[in-house]
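Here it is: the structure, laid out below.
Not measured: the values here are computed from a predicted model. Here is the naming used below: chain letters follow the sequence lines, and residue numbers restart at 1 for every chain.
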2 protein chains.
Amino acid sequence: MARAERKKLKEAPEKTTRIQEINRRLILDAALDIFSTYGFRGTTIDQIAERAGMSKPNLLYYFPRKQNIYVTLLEETLTEWLAPLAEIDAEGDPIEQLRKYITLKINMSETHPEASRLFANEVLHGAPAISDFLTKYLKPLVDEKAAVIRRWVGEGKLAPVDPYHLIFMIWATTQHYADFDVQVRAIMGSQVGRPGFKEQTAQAVLSIILNGIRPRD
Amino acid sequence: MARAERKKLKEAPEKTTRIQEINRRLILDAALDIFSTYGFRGTTIDQIAERAGMSKPNLLYYFPRKQNIYVTLLEETLTEWLAPLAEIDAEGDPIEQLRKYITLKINMSETHPEASRLFANEVLHGAPAISDFLTKYLKPLVDEKAAVIRRWVGEGKLAPVDPYHLIFMIWATTQHYADFDVQVRAIMGSQVGRPGFKEQTAQAVLSIILNGIRPRD
DNA sequence: CAAAAACTTGACTAGTTGGTCAAAATGCAG
DNA sequence: CTGCATTTTGACCAACTAGTCAAGTTTTTG
C-alpha cells in the first residue's frame, strides 16, 4: 500500500499530514482493542476516544462514522491475516508447507488474538461488513490453494482428504486458541500463560493434523 | 431437570401456570434466534417481543430483565450442548467412542447452529455470564474425559497426543461449521445446502482426526 | 357467575449513544 | 510575525432503548 506524499498538488484531496497519521493510528489501535472485546454494537465511540486519548468530536473529525473505523480496521487486518495462506508453495513439500502454515497461524493467534476475535465476531454475526471480501478475495485464494492440495493428494503425497475441509480444520483449530481463550484458560488454568504453552499447542495440533493427512499404505 | 407440578402448597412461590409455560417458551425461542444473530448488546427487547408475538411490557412480565432471558437461555443450552462429551464411555473402544462423539457434535452444529453461535459469542466476549459454569461444571467434565483419553494413550490404544488439545480440536472443528457458516458458504457456495454435505463434512473431519490419533508403528 | 388472580398493554421516563456545530486553539508557510 | 488551514472541544440534539406504571382484559377458582 503506497502512501502518497504530494506537496504542491492543489487539487489532490488526499494529502495526509503528520498529525493525521498519528491520530488515525491512535484511533485504530484503540478501536481494535475495544471492538475485538465488545463487538461492533457493544462498543461506544466514547470508549474508543477515551482509550485513544482524545475527545469524541475529535475522533469523529478523523472518522466521521463509527462504521468507518470498524471497516478500516477489518480491511487493514484481513489482508495480513490471510497472508500465510497465500505463502503456501505449490512446489514445496506438502507436509512441510502445511507444517509451516499451521505454525504461522498458531503464532498469529498468540501474538494478535484481537485481530482474530475481531474477525470471528464479524463472521459470527453474518459478516455484514465483509461479505464482499469473502467472495471476491478469500474464496479465490482458498480455491487456488485447495487445487494445490488436491493435486498433492492426486500425486499420493497426502492421504485422500477434502482440501476445503482440511483448510477449515486448520483455521478452526488455530483460531480457537485466540477466540475461545477464556474457555481454554478456564480448563487448562495456569498452563496457558506458561512459556512453553504455545510450542506444546503447536506440537499437539501439528501431530494430529499432519498424521491425519500423511499418506497411508 | 425436574419440573415441579405442585397443586396445594400455599407457600410455594414457583408455581407455573399453563400460560406462563407457553409464553416463557415463546420468549426463549425468539430470544435464541435474536441473541445468536446479534449478540447481547446488539439485541433489543422489542425485537424479541415482536418475534415472540407479544408486547414488550408483557415480555418483561415474564423476564424482568433482559439479562434474565439471556442467562436462562445460556443455562438451558449449555447442559444439552455438553451432553455428548459426558457420554464418552471409558470402557468403550477409543476410536469408536471418539467417532461417535465427533459425529454427534457435527450433527448438533447442523441442527442447532444458533445454540453454538450463542455460546461462541458469549465466550468470544470473555464469558461474563458463564465463567462460573466454565470452571465449576465444564472444567471437571473435561478433566475427567481427558484422564480417560490419557489412559487410552497409555494403553497404546491411541497415538501419543495431549488429550486437552485433542478435545479443543474437536470442539473447534465441529463448531466451526455453525459459527463460521457465512464463511463456509462464501467459500463452498451451493454445496453447503446440498443433501450429502453434512455427511461429507463428517467424513472429512473424522478421517483427519481419527487417522491423526490412531496408534502408529 | 362473581371475585380474585393472572395476564396484557399504551403511554411514559430516564439514561445512553451516535453524531452535529460553532467557536476556540494550534500548526505552519511565506 | 501574520494569516490561513488544520485540529480540537464543550455544548448540544435526536434517536433509541431498558425498564416502569397504572389501568384494562382475560383466566381461574370457589
Checklist entry - What integer distance in Å separates B:Arg24:CZ from C:dT8:P? => result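 After rounding, the reported distance stands at 12 Å.
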Next on the checklist: Looking at C:dA6, I'd like to know if its phosphate oxygens (OP1 or OP2) sit under 4.0 Å from a side-chain N or O belonging to B:Gln20.
Outcome noted: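 For C:dA6, neither OP1 nor OP2 has a side-chain N or O of B:Gln20 closer than 4.0 Å.
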Item to check | Length of the line joining A:Gln47:CD and C:dT16:P, which is rounded to integer Å | outcome: 13 Å
Next on the checklist: Any carboxylate oxygen within less than 4.0 angstrom of a Lys/Arg side-chain nitrogen, looking at B:Glu114 and B:Arg117?
Outcome noted: no
Next on the checklist: OP1 or OP2 of D:dT28 versus the side-chain N and O atoms of B:Thr17: is any pair under 4.0 Å?
Outcome noted: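 No, because none of the side-chain N or O atoms of B:Thr17 sits under 4.0 Å from OP1 or OP2 of D:dT28.
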Next on the checklist: Please report the distance, rounded to the nearest Å, between CZ in B:Arg18 and P in D:dT29.
Outcome noted: 10 Å
Checklist entry - What is the distance, rounded to the nearest whole Å, between atom CD of A:Glu50 and atom C1' of C:dT17? => result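 One finds 15 Å between C1' of C:dT17 and CD of A:Glu50, rounded.
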Next on the checklist: It should be established whether A:Asn23 places a side-chain nitrogen or oxygen under 4.0 Å from OP1 or OP2 of nucleotide D:dT6.
Outcome noted: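 It does not, given that no N or O in the side chain of A:Asn23 lies less than 4.0 Å from OP1 or OP2 of D:dT6.
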Next on the checklist: Suppose we screen for side chain to side chain donor-acceptor pair (under 3.5 Å). Which residues come up paired with B:Gln183, at least two apart in sequence or across chains?
Outcome noted: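 Listed in chain order: nothing, the list is empty.
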Next on the checklist: Can you measure A:Ile34 atom CD1 to C:dG18 atom P for me and round it to whole angstrom units?
Outcome noted: 12 Å
Item to check | Rounded distance (Å) that lies between atom C1' of C:dG10 and atom CE of B:Met54 | outcome: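 It works out to 17 Å between those atoms.
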Just list the side-chain donor-acceptor pairs under 3.5 Å for residues 136-147 of chain A, sequence neighbours left out, or say none.
from: A:Lys136; atom 1: NZ; to: A:Asp132; atom 2: OD2; distance (Å): 3.2
from: A:Lys139; atom 1: NZ; to: A:Asp143; atom 2: OD2; distance (Å): 2.9
from: A:Lys139; atom 1: NZ; to: B:Ile187; atom 2: O; distance (Å): 3.2
from: A:Asp143; atom 1: OD1; to: A:Tyr164; atom 2: OH; distance (Å): 2.5
from: A:Lys145; atom 1: NZ; to: A:Ala86; atom 2: O; distance (Å): 3.1
from: A:Lys145; atom 1: NZ; to: A:Ile88; atom 2: O; distance (Å): 2.7

Next on the checklist: Which residues pass the ring pair (Phe, Tyr, Trp, His ring centres under 6.0 Å) test with B:Phe40, not counting sequence neighbours?
Outcome noted: B:Phe35, B:Tyr70
Checklist entry - Between B:Tyr61 and C:dC7, is there a side-chain N or O to OP1/OP2 distance below 4.0 Å? => result yes
Next on the checklist: Taking B:Glu21 first and then B:Arg18, would you say they form a salt bridge - that is, a charged N and a carboxylate O separated by under 4.0 Å?
Outcome noted: no
Next on the checklist: At under 4.0 Å between heavy atoms, how does the protein contact nucleotides 14-23 of chain D? Give one character per nucleotide, 5' to 3', with B, S or -.
Outcome noted: ---SBBBB--
Next on the checklist: Please classify the nucleic acid contact of B:Tyr62 as base, sugar-phosphate, or nothing, using heavy-atom distances under 4.0 Å.
Outcome noted: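 Sugar-phosphate, backbone atoms only, no base.
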Next on the checklist: What is the separation between atom CZ on B:Phe63 and atom P on C:dC7, rounded to the nearest whole Å?
Outcome noted: 13 Å
Checklist entry - Partners of A:Asp162 by salt bridge (Lys or Arg N to Asp or Glu O under 4.0 Å), sequence neighbours excluded? => result none
Next on the checklist: Going by side chain to side chain donor-acceptor pair (under 3.5 Å), name the residues that satisfy it together with B:Trp152, two or more places apart in sequence or in a different chain.
Outcome noted: none
Checklist entry - Which sits closer to the 5' end of DNA chain D, A:Ser55 or B:Ile19, going by the nucleotide each is nearest to? => result A:Ser55
Checklist entry - Distance check: side-chain N/O of A:Asn58 vs OP1/OP2 of D:dT9, anything under 4.0 Å? => result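 So the side-chain polar atoms of A:Asn58 do come within 4.0 Å of the phosphate oxygens OP1 or OP2 of D:dT9, strictly under.
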